[in-house]
Undergrad: 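This is the structure I want to talk about, given as structure tokens.
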Number of protein chains: 2
Amino acid sequence: MKKKTTIYDVAEEADVSLATVSRVINGSNVVKKATRDRVLEAIKRLDFKPNQVARGLATSKSTTIAVVFPQSIFARVKDMIGGIGDTGRTLDYSLTMYTTDELGDSNPLEDVIERVVKSRADGVILFNSQDIEKGLELTKQYNLPTAVIGQKTSDDNVCSVYVDAKAIGYDLAKNYLDKGIDDILFVKARQNLIDLNSLHEGIKEAFVEAGKTFEDDRVITTSNEFEQAHNDFANYLDSHQTPRVVIAGYDKEAVAFVQACDDKGVHIPDDLEIIGMVDSTYAIISRPKLTSVHLPIYDMGAVAVRMITKMLNEEEIDERAVCMKHTVVKRDSTKLL
Amino acid sequence: MKKKTTIYDVAEEADVSLATVSRVINGSNVVKKATRDRVLEAIKRLDFKPNQVARGLATSKSTTIAVVFPQSIFARVKDMIGGIGDTGRTLDYSLTMYTTDELGDSNPLEDVIERVVKSRADGVILFNSQDIEKGLELTKQYNLPTAVIGQKTSDDNVCSVYVDAKAIGYDLAKNYLDKGIDDILFVKARQNLIDLNSLHEGIKEAFVEAGKTFEDDRVITTSNEFEQAHNDFANYLDSHQTPRVVIAGYDKEAVAFVQACDDKGVHIPDDLEIIGMVDSTYAIISRPKLTSVHLPIYDMGAVAVRMITKMLNEEEIDERAVCMKHTVVKRDSTKLL
DNA sequence: ATGAAAGCGCTAACAC
DNA sequence: GTGTTAGCGCTTTCAT
């Protein structure tokens with residue numbers, strides 16, 4: 001294992017001091033052109049790659065952002081990974097990946113954040129989840145710049161990117177209420193991109209405005225596991241009157257509901273209309289194709305990274321909680337929308 | 001922003017030298033119990049977190065493994081991320097995430113590896129892809145321990161985890177050939193977990209053994225984009241005789257084919273049998289449910305990390321290319337399997 | 001415009 | 001057992 005070439009080697013090769021080499025690689029413009037060229041050439045000749053670790057120690061910055069993922073989210077966020085990855089690369093930040101598991105028992109968010117702190121990441125990206133509050137407390141305590149995806153929050157050290165979940169719920173419910181339909185079922189499934197509690201609030205609000213109430217028994221909470229969800233829905237349909245409209249927290253569960261309807265001979269969209277969320281491949285695969293709330297996933301990831309870097313560079317931040325625009329993509333599972 | 005507490009602070013607080021503190025946090029067993037306790041207490045009192053960056057500089061190790069992902073893979077590997085994440089955590093390695101895009105043009109693997117080298121990761125995990133050879137050349141050149149997922153390779157500095165794609169192709173084809181069916185179509189789609197070229201080889205081999213040849217026009221290459229694939233298949237069915245068996249490189253494409261059949265009134269599995277790969281949620285969502293080749297995704301991720309750490313610690317490695325067992329999960333899209 | 005030297009926070013010889 | 005000290009590879013004053 002041949003030793004890595006260091007800044008000293010380059011300095012010697014170019015016959016300058018290491019300070020000058022440092023200046024060149026950091027783009028300082030005080031270096032004379034001739035000298036700079038000589039250094040650049042030496043760098044090339046020796047295939048020198050500055051050691052980020054040493055640089056990190058010297059500057060007390062790691063140019064690293066930690067991304068903490070609920071493991072389950074991967075299936076639905078490939079585009080977001082794209083946004084995060086591309087932006088990190090563009091801004092020259094490394095991304096360290098931390099996973100938390102579904103239930104958060106064996107590897108709670110708090111432990112993960114401890115790790116992040118030890119790693120000296122400059123900032124961290126968190127996803128909306130049950131235990132995010134505890135996480136935010138910790139990042140505040142460590143003064144760790146934080147971006148939250150999927151939930152509106154802000155603080156001294158935290159920014160967020162989210163979609164207006166309340167409006168989604170409100171608009172959807174109001175649309176049907178206006179048409180005299182109040183027979184709505186809300187399928188709550190674990191979801192880290194849309195704050196389902198707010199969405200629930202929105203539905204309730206629309207009902208109140210219409211002089212009605214959205215009862216708690218119009219909410220069904222289910223598993224993220226397809227067959228399990230499918231089962232739950234089949235049971236539901238067996239034991240309840242078929243609702244007229246289903247608002248599902250995530251496309252996958254919407255598809256499960258569609259299939260349960262299919263099994264029971266409930267026709268979509270004539271007997272029942274259903275709306276999914278996220279607008280993932282599941283929405284397109286479904287038969288009938290799913291009407292779904294589209295989220296600007298890629299951009300949300302990109303914005304999250306950008307916000308963190310702004311906090312790090314103490315750039316002006318006009319909005320610490322950025323609301324991204326969602327759109328409802330109408331397909332074949334609705335007709336009165 | 002209050003300054004982080006360092007090993008010096010702890011040393012002072014505990015009234016020992018920093019060397020002793022270092023010994024304590026590194027679990028050296030030469031420290032007297034009383035001293036150790038005093039140090040431990042000071043660490044707790046000051047909430048000291050050793051700086052991994054400084055440690056990395058001092059040891060010339062980053063205890064970091066870089067994971068390079070084709071961005072597209074995320075949707076299908078959440079379990080693998082689980083395996084990688086859990087194992088990394090257990091072994092106390094950080095994981096740095098690098099994404100490459102679909103086409104590899106704007107962010108070629110080579111550039112990513114340059115970044116990895118700069119970051120001083122101890123090792124790197126790569127996925128099977130078109131341009132992996134160039135990547136391996138580079139990691140060899142930099143003497144960077146590498147684990148490849150999804151393709152059999154090995155070298156001085158590289159290990160791999162893979163499934164026997166050739167056997168998958170061979171077994172599947174042979175099964176039908178033995179039953180007198182040679183009307184097989186192979187759907188090739190981009191896939192980073194199974195080496196589709198080897199799979200193709202396997203099919204060919206079974207044909208040769210049966211005294212036949214598997215013609216090149218029995219292979220259809222398609223997009224990873226669902227609607228596009230669906231379209232391609234619809235066109236195919238319109239312009240060709242309907243095959244008896246379809247082997248699809250990935251479940252999503254298999255589902256697209258199923259729907260194309262559905263549109264044309266081709267009955268599955270009576271008229272046409274179809275087999276998917278990976279055994280993802282798509283296989284279960286499909287109607288009829290898809291027979292699919294199941295991969296031990298989580299374990300593949302875990303093994304990849306473990307192999308790298310073995311290389312790093314110069315542990316004995318009995319097998320540098322580990323073949324994982326796949327299984328065929330029979331569901332409703334086949335009947336003669 | 002360039003060099004010398006003092007850190008950044010930690011590990012690991014080497015002393016005692 | 002514990003302390004002293006020399007690095008690890010780089011950035012950044014401060015001189016020159």
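Convention: sequence-line order gives letters A, B, ...; per-chain numbering from 1.
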Undergrad: With no hydrogens and no angle check, is any side-chain donor or acceptor of B:R89 less than 3.5 Å from a backbone partner on A:T99?
TA: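 Present.
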Undergrad: Grab the CD-P distance between B:Q52 and C:dT11 for me, whole Å please.
TA: 9 Å
Undergrad: Counting just side-chain N and O atoms, does A:R55 come under 4.0 Å of either OP1 or OP2 of D:dG9?
TA: no
Undergrad: Using whole Å, what does the distance between atom C1' of nucleotide D:dG3 and atom CD of B:E12 come to?
TA: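 Computing the B:E12:CD to D:dG3:C1' distance gives 16 Å.
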Undergrad: Does a distance-only test, which skips hydrogens and angles, find a donor-acceptor pair under 3.5 Å between the side chain of A:Y8 and the base of D:dC8?
TA: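 Looking at the base of D:dC8, it does not pair with any donor or acceptor on the side chain of A:Y8 (distance under 3.5 Å).
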Undergrad: May I have the distance from B:L46 (atom CG) to C:dG9 (atom C1'), rounded to whole angstrom?
TA: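 Rounded to the whole Å, the gap is 15 Å.
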Undergrad: Quick one: which of C:dC8, C:dA4, C:dT11 gets closest to the side chain of B:I7?
TA: C:dT11
Undergrad: Has the side chain of B:D122 got a donor or acceptor atom that lies under 3.5 Å from a matching backbone atom of B:S62?
TA: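 Yes; judged by distance alone, with no hydrogens or angles, the pair exists.
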Undergrad: Where the side chain of B:S17 is defined as all heavy atoms beyond and including C-beta, which of C:dC10, C:dC8, D:dG3 is the nearest nucleotide?
TA: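 Given the options C:dC10, C:dC8, D:dG3, the side chain of B:S17 is closest to D:dG3.
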Undergrad: Taking for each residue the nucleotide of DNA chain D with the nearest heavy atom, is it A:A58 or B:R36 whose nucleotide lies nearer the 5' end?
TA: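 Here B:R36 is the residue nearer the 5' end.
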Undergrad: To the nearest Å, give me how far apart NZ (B:K118) and C1' (D:dG9) are.
TA: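 About 15 Å, once rounded to whole Å.
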Undergrad: Under a 4.0 Å heavy-atom cut-off, which of residues 18-35 of chain A touch DNA chain D?
TA: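 When residues 18-35 of chain A is checked for heavy atoms under 4.0 Å from DNA chain D, the hits, listed by number, are A:A19, A:S22, A:R23, A:I25, A:N26.
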Undergrad: Is it true that a side-chain atom of B:R120 and a backbone atom of B:L57 form a donor plus acceptor pair closer than 3.5 Å?
TA: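 No; zero donor-acceptor contacts below 3.5 Å.
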Undergrad: Closest approach of B:M307 and B:I317, non-hydrogen atoms and distance?
TA: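 What the structure gives for the nearest pair is O-CD1, 4.4 Å.
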Undergrad: Does A:E314 CD have over 12 foreign heavy atoms under 6.0 Å away?
TA: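 No, CD of A:E314 has 12 or fewer neighbouring heavy atoms, counting only those of other groups under 6.0 Å.
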Undergrad: For the pair made of CZ in B:R120 and P in C:dC10, what is the distance, rounded to whole Å?
TA: 21 Å
Undergrad: Round to the nearest Å and state the distance from A:L57 atom CG to C:dG9 atom C1'.
TA: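 Nearest whole value for this atom pair: 5 Å.
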Undergrad: At 4.0 Å (heavy atoms only), tell me whether A:V16 reaches a base, stays on the sugar-phosphate, or touches nothing.
TA: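 If one applies the 4.0 Å heavy-atom cut-off, A:V16 turns out to touch the sugar-phosphate alone, with no base involved.
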Undergrad: If I take atom CG in residue B:N51 and atom C1' in nucleotide D:dC8, what distance separates them, rounded to the nearest angstrom?
TA: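 The distance from CG of B:N51 to C1' of D:dC8 comes to 13 Å, rounded to the nearest Å.
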Undergrad: If the test is side-chain contact (heavy atoms from CB on, under 4.5 Å), which one of A:D131, A:L144, A:V148 qualifies with A:L136?
TA: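 The residue from A:D131, A:L144, A:V148 that satisfies side-chain contact (heavy atoms from CB on, under 4.5 Å) with A:L136 turns out to be A:V148.
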Undergrad: Counting only heavy atoms not in A:K140 (residues, nucleotides, ligands), do more than 12 fall under 6.0 Å from its NZ?
TA: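 Yes.
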